[in-house]
Colleague: 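Pasting a structure here, questions to come.
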Amino acid sequence: MNETIAALSTPPGSGGIAIVRLSGPKAHVIVKQVFRPWPKKADFFHLYLGYFFDPISQQNIDQVLVTLMPSGRSYTGETMAEIHCHGGSYNSKKILTLLFTLGAVVAPPGEFTKRAYLNGRLDLTQAEAVASLIKAESEAGLVAATAQLAGGLSDCINKMLSSIGQLLAAVEVEIDLLAEEGLNYHQTEMLAPLTKLQKQCHELLASYQRGQILQTGIKVVLAGRPNVGKSSLLNALLAEDRALVSSISGTTRDVISAPLEIAGIKIELSDTAGLGQPQAELEALGMARTERWLEQAGLILLVFDQSRALNDFDDKLYAKIKDKPHLLILNKTDLEPVFTTVQLRERFSYQGPILGCVGARERADISQAIDGIAGFIKSRTAVSIDSVMISQQRHFDLLRKVSEDLDRALLLVVENEPLLDMLAEELHQIRFHLLAITGREHDASEGLLDIVFSQFCVGK
Ligand SMILES: Nc1nc2c(ncn2[C@@H]2O[C@H](COP(=O)(O)OP(=O)(O)OP(=O)(O)O)[C@@H](O)[C@H]2O)c(=O)[nH]1
Ligand SMILES: [Mg+2]
């Protein structure tokens, strides 16, 4: 990490302002060679107005603002500088090229945040939150990433670590004393904190689906028999004529997907080919594709046409999706009904909401569908302002390991003759996996010594 890196931190292309960042031991030395006038007393975190000077052609090439940050108090933890130049790809490229000539090197993607992590400015969950924050595409995703960046998840993991550290220290001390003073092991003192940890672990694991919805959004799929009005509903929800609509059954062959935002959550809404008796090969292919789409759906909107009788295909379709999250949409409520909502409920033993809609463009009414989707999302993403959640597969995998380790530790604790060595081994594993979540597994032995020794009394 001795090299000084430089990169354009704003998107390439034209824009009002572009920001070039440098990080590393030579950041200030390099900037000093290209910024004029160099302030008499260059203070940190001040913005200085001046010119970017090309030492080769001996000419000023842009009017810029420069700010300097000291090591230990910058994003990366290293000496840093920022040059705010005028936007425009040619200008910023020229500035960067000159910085490279003066000894800076190209920063690979994520290098600034990697250095921040390696220098202890962020832990791994916070570094991951930076990536999520940049990629967030909805209000809710942004809120979740900001909470993680603020250290919500890290705090929770650190509390769990502190509790496991205490238990481990107690067991280690017990093992040491066993030979001298006989077993002095208090089973109940172990049971309560381990059970509490297991509960916390289960809560975090359960938050994964919620965190994922907030971060990456949810796939919502419209399904139903041909001609019930799925494409019409897609168009109405998107407020644009995206899919072809016709009175001919089997109009939609391929899946059509489009982005949408409801209740602050990013949605990928997909219209599929109706499922029924295919009349042609192409229609059959379309139906096969629908089935694949249903597999991946986070929410299925099963659409019925209330002016046409239900039949076997509705039953088959319902049987296929009943174990996945779904809502029923009763479309064409402007037409004379041939069945009631009570009959629909009874036929499928369905307890959830039935959303009455009119999909036809000229008189569309989809407010119940929007409210229903919003209600579903809220029920799946309900979070209190300070509740912690996980949204990364990596966190989920590690916490699952922690939970399995805890199960084994709990089994050992309730044994009559506890095997202290085995228990200590399980607690070490739990600690190691928890440390890995925040990227501190290399601290596993170091930090523990402090906790262990703090348990001994003075003079022992
Ligand atoms: N009266 C009435 N007609 C509707 C409504 N929604 C859709 N339609 C009509 O129903 C017909 C079929 O609509 P589509 O949206 O193409 O139906 P689909 O379910 O996508 O059909 P496939 O693609 O064949 O599976 C069209 O003529 C629409 O105008 C509605 O709420 N009321
Ligand atoms: Mg269609």
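Numbering of ligands and ligand atoms starts at 1, following listing order.
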Colleague: Hey, mind stepping through Ser403 and Gln198 against side chain to side chain donor-acceptor pair (under 3.5 Å) and telling me if it holds?
Modeller: CA-CA 6 Å; Ser403 176; Gln198 184 64 295; 3.2 Å; yes
Colleague: Using side-chain contact (heavy atoms from CB on, under 4.5 Å) as the criterion, list what pairs up with Leu244, not counting sequence neighbours.
Modeller: Thr251
Colleague: Measure distances from the Mg ion (ligand 2) and count the protein N, O or S atoms below 2.8 Å.
Modeller: 2
Colleague: Using a 4.0 angstrom limit on heavy atoms, which residues are close to ligand 1?
Modeller: Pro226, Asn227, Val228, Gly229, Lys230, Ser231, Ser232, Val245, Ser246, Ser247, Ile248, Ser249, Gly250, Thr251, Thr252, Gly274, Asn331, Lys332, Asp334, Leu335, Val358, Gly359, Ala360, Arg363
Colleague: Under a 4.0 Å threshold between the charged nitrogen and the carboxylate oxygen, would Arg394 count as salt-bridged to Asp397?
Modeller: no
Colleague: Looking at Asp241 and Arg361, is there a salt bridge between them, counting it only when a charged N and a carboxylate O are closer than 4.0 Å?
Modeller: yes
Colleague: Is the count of non-hydrogen atoms from other residues, nucleotides or ligands lying under 6.0 Å from Gln351 atom CD greater than 12?
Modeller: no
Colleague: Taking Thr272 for its side chain and Leu222 for its backbone only, find out whether a donor-acceptor pair lies under 3.5 Å.
Modeller: yes
Colleague: Where the side chain of Tyr75 meets the backbone of Glu78, is there a donor-acceptor pair that is under 3.5 Å apart?
Modeller: no
Colleague: Answer yes or no for Arg21 and Phe112: cation-pi contact, defined as NZ/CZ to six-membered ring centre under 6.0 Å and angle to ring axis within 45°.
Modeller: yes
Colleague: Under the rule for salt bridge (Lys or Arg N to Asp or Glu O under 4.0 Å), what residues qualify as partners of Lys316, not counting sequence neighbours?
Modeller: none
